[in-house]
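Every heavy atom of this structure was used, including side-chain atoms; hydrogens, water molecules and symmetry mates were not. Just so you know, these numbers come straight off a predicted model, no measurement behind them.
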Amino acid sequence: MKEALASLLETALATLVADNLVPEVPDLKPQVDHTRDSSHGDLATNLAMVLAKRAGMAPRDLAEVLVAALPENTLIAKAEIAGPGFINFFLNQASHVEVIGKILASGSAFGSSDIGAGRKVQVEFVSANPTGPLHVGHGRGAAIGDSLCRLLSATGWDVQREFYYNDAGQQIANLARSVQARAQGLTPDDPEWPEDGYRGTYIADLAAAYQDGATVSAADRSITALGAVDNLEAIRDFSVAWLRREQDLDLKAFGVRFDNYFLESSLYDSGEVNETVAALEQAGHTYEEGGALWLRTSDFGDDKDRVMRKKEGEYTYFVPDVAYHLNKWNRGYRRVINEQGADHHSTITRVRAGLQGLEEGIPEGWPEYVLHQMVTVLRDGEEVKLSKRAGSYVTLRDLIDWVGQDATRFFLAARSASSQLTFDIDLALAQSNENPVFYIQYAHARICSVKRKALAQAADWTPESGLDQLDKLVEPEALTLALLLSKFPDVVHAAAQQLEPHAIANYLRELASAFHGFYNAHKLVDEGDKSQSLARLSLAEATRQVIANGLDLLGVSAPESM
RNA sequence: CCGCCCGUAGCUCAGCUGGAUAGAGCACCAGGCUUCGAACCUGGGUGUCGGGAGUUCGAAUCUCUCCGGGCGGGCCA
């Protein structure tokens, strides 16, 4: 509808240009937007205000001429000039309801587009270290990242989901020492407990499993514990596998899947880390100082240079990160999006600097990042900080256990990533009007219930048979609802383009509200007025479809009954 | 000291590629089911959009500056 009106305006504009009233403006696309206030019509354009100066006319006068030049059409009931020079369009009834037929025909594809044109994009998210259970921050990353993938798929991108495992380095060594200490019967408060050891009770579970000779299967490996307390390497391998399985189970419970798990250790095994360092040296972006090897990241926007290789000979953490991203580039991903916690934002400059220093022709802004801010958990009005299992933090599993998968996903994805998030357990638990998840799901279930009732009338009481009766939909509640439905493709497109899943959640809240209002104002199934009922049923079904499509983009279920 | 994010109603937050009178939910009050699911709906009011300056027809939105909160700034990850 927007495009149709924009095209009408273009025609009108062309007429004015031909009449020498307005100078030709190349590449000007009239902007048509939904109005915020229904007294301003259904759609509006600011075209006259944009052009007023160049045309040498007052905005309202120009709007006048534009409206007069609009071609004959069957879309709009009227066009009004208002305010400083807006042109407000009032759609006629048929234009309002035509979307219903489109939705029923497109089904789960309604809202999708092929803007991505099948191009490849890789999304890396969660990427938790295998040193403990996933915490709420990972949960937020999982909810946002997964929804981003769904949005990109819906807009025509070929998405690969990747999880990067830091299974090398100091944190893993620390993990192994912690498990070993537990196996030796130490507890975190013993004097001999390793410095900075992991204190959670899961470490004790892990140690017990190791000593029992347990076998664990994670995404890409299966390993049986040796049980020997002095074999630190065996403990490390088993611990990583054990925790990976834990994380896999958490993600499964959350409904999040990955196409690929990439191991940091593989970059060392394959020699890619060494090759990356050599390439950076070759390109002349490094120097030695104080026995360490430095990268001139300050040549690429960093505020100071960074050590790549410590004087002890080990690489710092961002070196494998650079090698990893070079690997992504070499796998052919020209678009890569990394979703991660904002506490790691300082790595962005370093990774990009490293990639620039390789002089491989990688664009400066590659890869893209979506950073989410911290999550705090509130219960009974107080911040919850501890988890029994993990000790020092609230786990994703805790949240799922407390409030369920749907509410957890919705709450974690419904706010913009750049804002800090307060997760109110009591609100998420409330099975009432306080809870937006239930509010939206309830609308869906309600429609399903109405459909069941309609079908109980007779087999031909179907939403599809209402498509011939759409002229019966004349009430404001019905037209408002239909207009909102027609916005969905724009909402999906914008959310995907701006990498902002929370826009979907906001839209769904609004849509559910419009439906509940419609439902309460008008009886959907009325034996006495079949054609009216069928028309309303088709509108309800279109609403149900859009709610289902929207919830799916968030990874939240659309129940037929609750 | 430097970088990033945030500051909008009592609370939690939308709105931010400039648009018309700044919104929603919660909380609070008053109503609405012998009828399709009341987990719902209708009505009631709330704002120095953190302060200040600038840009222009127009600023919550863009720029600068100050204040406040969070997170980073290690040869930790």
_What is the distance, to the nearest angstrom, from the CZ atom on A:Arg536 to the P atom on B:U35?_
19 Å

*Between A:Arg350 and A:Asp321, is the closest basic N to carboxylate O distance under 4.0 Å?*
no

*asked:* If the cut-off is 4.0 Å, is A:Tyr442 near the phosphate of B:C41, judged by side-chain N/O to OP1 or OP2?
replied: no

*Could you tell me which nucleotide pairs with B:C71 by Watson-Crick or G-U wobble geometry, both distances under 3.5 Å, or answer none if nothing does?*
B:G3

_For B:G23, the Watson-Crick or wobble partner whose two distances fall under 3.5 Å_ = B:C13

*Report yes if a side-chain nitrogen or oxygen of A:Ser418 is closer than 4.0 Å to either non-bridging phosphate oxygen (OP1 or OP2) of B:C6; otherwise report no.*
yes

*A:Ile440 has an atom CD1; how far is it from atom P of B:G25, in whole Å?*
12 Å

*Expressed in angstrom and rounded to an integer, what is the separation of A:Ile348 atom CD1 from B:G73 atom C1'?*
14 Å

_Regarding A:Asn166 and A:Gln171, do their side chains bring together a donor and an acceptor under 3.5 Å, going by distance alone?_
no

*Give the C-alpha distance, both sets of side-chain angles, the deciding distance and a yes or no for salt bridge (charged side-chain N to carboxylate O under 4.0 Å, His left out) between A:Arg352 and A:Glu364.*
CA-CA 7 Å; A:Arg352 284 181 177 161; A:Glu364 280 182 35; over 6 Å; no

*For B:U35 and B:A39, measure between their P atoms and round to the nearest Å.*
13 Å

*Of all the choices, B:G37, B:A77, B:G3, which nucleotide is nearest to the side chain of A:Asn166 once you look at every atom?*
B:A77

*Does any pair with a residue in residues 288-297 of chain A pass salt bridge (Lys or Arg N to Asp or Glu O under 4.0 Å), and if so which ones, sequence neighbours excluded?*
none

*Check every strand shown and say whether A:Tyr519 touches a base, only sugar-phosphate, or nothing at a heavy-atom separation below 4.0 Å.*
base

*In whole Å, what separates the P atom of B:C13 from that of B:U8?*
9 Å

_Strictly by Watson-Crick or wobble contacts shorter than 3.5 Å, is anything paired with B:C49, and which nucleotide is it?_
none

*Report the nucleotide, chosen from B:G25, B:C5, B:C6, that has the shortest atom-to-atom distance to any side-chain atom of A:Arg509.*
B:G25

*Can you tell me how far P in B:A27 sits from the matching atom in B:C41, rounded to whole Å?*
13 Å

*When we call it a touch if two heavy atoms are under 4.0 Å apart, what does A:Lys523 touch: a base, just sugar-phosphate, or nothing?*
base

*Could you tell me which residues satisfy ring-ring contact (aromatic ring centres under 6.0 Å, His included) with A:His502, sequence neighbours excluded, listed by chain and number?*
none

*Find the distance A:Phe438:CZ to B:G25:P and express it as a whole number of Å.*
19 Å

_Phosphate-side-chain proximity, A:Ser449 and B:G37, N/O vs OP1/OP2 below 4.0 Å_ = yes

*Considering only atom C1', compute the distance from B:U63 to B:U55 and round it to an integer number of Å.*
7 Å

_Could you tell me how far apart A:Ile504 (CD1) and B:C13 (C1') are, to the nearest whole angstrom?_
18 Å

*Mark yes or no for a side-chain to base donor-acceptor pair under 3.5 Å between A:His344 and B:G72, with no hydrogen or angle criteria applied.*
no

*Using a 4.0 Å heavy-atom cut-off across all strands, classify A:His444 as base, sugar-phosphate, or nothing.*
nothing

*May I ask you to say what A:Glu477 touches in the nucleic acid, namely base, sugar-phosphate or nothing, with a heavy-atom cut-off under 4.0 Å?*
nothing

*Complementary nucleotide of B:A30, counting Watson-Crick and G-U pairs under 3.5 Å*: B:U42

*Sequence neighbours left out, what passes ring-ring contact (aromatic ring centres under 6.0 Å, His included) with A:Tyr164? Give chain and number order.*
A:Tyr324

*Does the ring centre of A:Tyr439 sit less than 6.0 Å away from the ring centre of A:His516?*
yes

*Quick one: what's the B/S/- string for nucleotides 15-21 of chain B, heavy-atom cutoff under 4.0 Å, read 5' to 3'?*
S-B-BB-

*Checking all strands, does A:Ala454 fall into the base, sugar-phosphate, or nothing category for heavy-atom contacts under 4.0 angstrom?*
nothing

*asked:* With a 4.0 Å limit, can you tell me whether A:Arg446 has a side-chain N or O closer than that to the phosphate oxygens OP1/OP2 of B:A38?
replied: yes

*Check every strand shown and say whether A:Asp424 touches a base, only sugar-phosphate, or nothing at a heavy-atom separation below 4.0 Å.*
nothing

*Find the distance A:Asn520:CG to B:C40:P and express it as a whole number of Å.*
10 Å

*Hey, is the main chain of A:Asp167 close enough, under 3.5 Å, to the side chain of A:Ser265 for a donor-acceptor pair?*
no

*Determine the interatomic distance between P on B:C26 and the same-named atom on B:G73; round to the nearest Å.*
41 Å

*What is the distance from CD1 of A:Ile425 to P of B:U12, rounded to the nearest Å?*
16 Å

_If I pick the C1' atom on B:A24 and the same atom on B:A14, what distance separates them, to the nearest angstrom?_
7 Å

*If B:A59 has a Watson-Crick or G-U wobble mate with both distances under 3.5 Å, name it; if not, just say none.*
none

*Output yes when A:Lys328 and A:Glu124 qualify as a salt bridge under the 4.0 Å nitrogen-oxygen rule, no when they do not.*
yes

_Without decimals, in angstroms, what is the distance between A:Gln420 CD and B:C6 P?_
10 Å

_Assuming nearest nucleotide by heavy-atom distance, tell me which of A:Gln373 and A:Ala342 is located more 5' along RNA chain B._
A:Gln373

*For A:Lys310, look at atom NZ and say whether over 12 heavy atoms of other residues, nucleotides or ligands are found less than 6.0 Å away.*
yes

*Taking the nucleotide of RNA chain B with the closest heavy atom to each, which residue, A:His345 or A:Met374, is nearer the 5' end?*
A:His345

*Check every strand shown and say whether A:Thr422 touches a base, only sugar-phosphate, or nothing at a heavy-atom separation below 4.0 Å.*
sugar-phosphate

*Pairwise P distance, B:U65 and B:U12 [rounded to whole Å]*: 29 Å

Protein N or O to nucleotides 74-76 of chain B N or O, pairs below 3.5 Å:
unit_1: B:G74; atom_1: OP2; unit_2: A:Lys304; atom_2: NZ; d: 2.8
unit_1: B:G74; atom_1: OP2; unit_2: A:Arg306; atom_2: NH1; d: 3.0
unit_1: B:C75; atom_1: O2; unit_2: A:Lys311; atom_2: N; d: 3.1
unit_1: B:C75; atom_1: N4; unit_2: A:Gly290; atom_2: O; d: 3.3
unit_1: B:C76; atom_1: OP2; unit_2: A:Lys310; atom_2: NZ; d: 3.0

*Distance between P atoms of B:G51 and B:G32 (Å, rounded)*: 42 Å

*asked:* Quick test of your reading: applying salt bridge (Lys or Arg N to Asp or Glu O under 4.0 Å), list the pairs with at least one residue in residues 439-461 of chain A, sequence neighbours left out, ordered by first then second residue.
replied: A:Lys451-A:Glu541, A:Asp460-A:Lys530

*Return yes if some donor-acceptor pair links the side-chain N/O of A:Asp305 with the main-chain N/O of A:Trp294 below 3.5 Å, else return no.*
no

_Regarding A:Leu421, tell me which of base, sugar-phosphate or nothing describes its non-hydrogen contacts under 4.0 Å with the strands shown._
sugar-phosphate

*Flag the pair A:Arg536 and A:Glu477 as a salt bridge only when some basic side-chain nitrogen lies within less than 4.0 angstrom of an acidic carboxylate oxygen.*
no

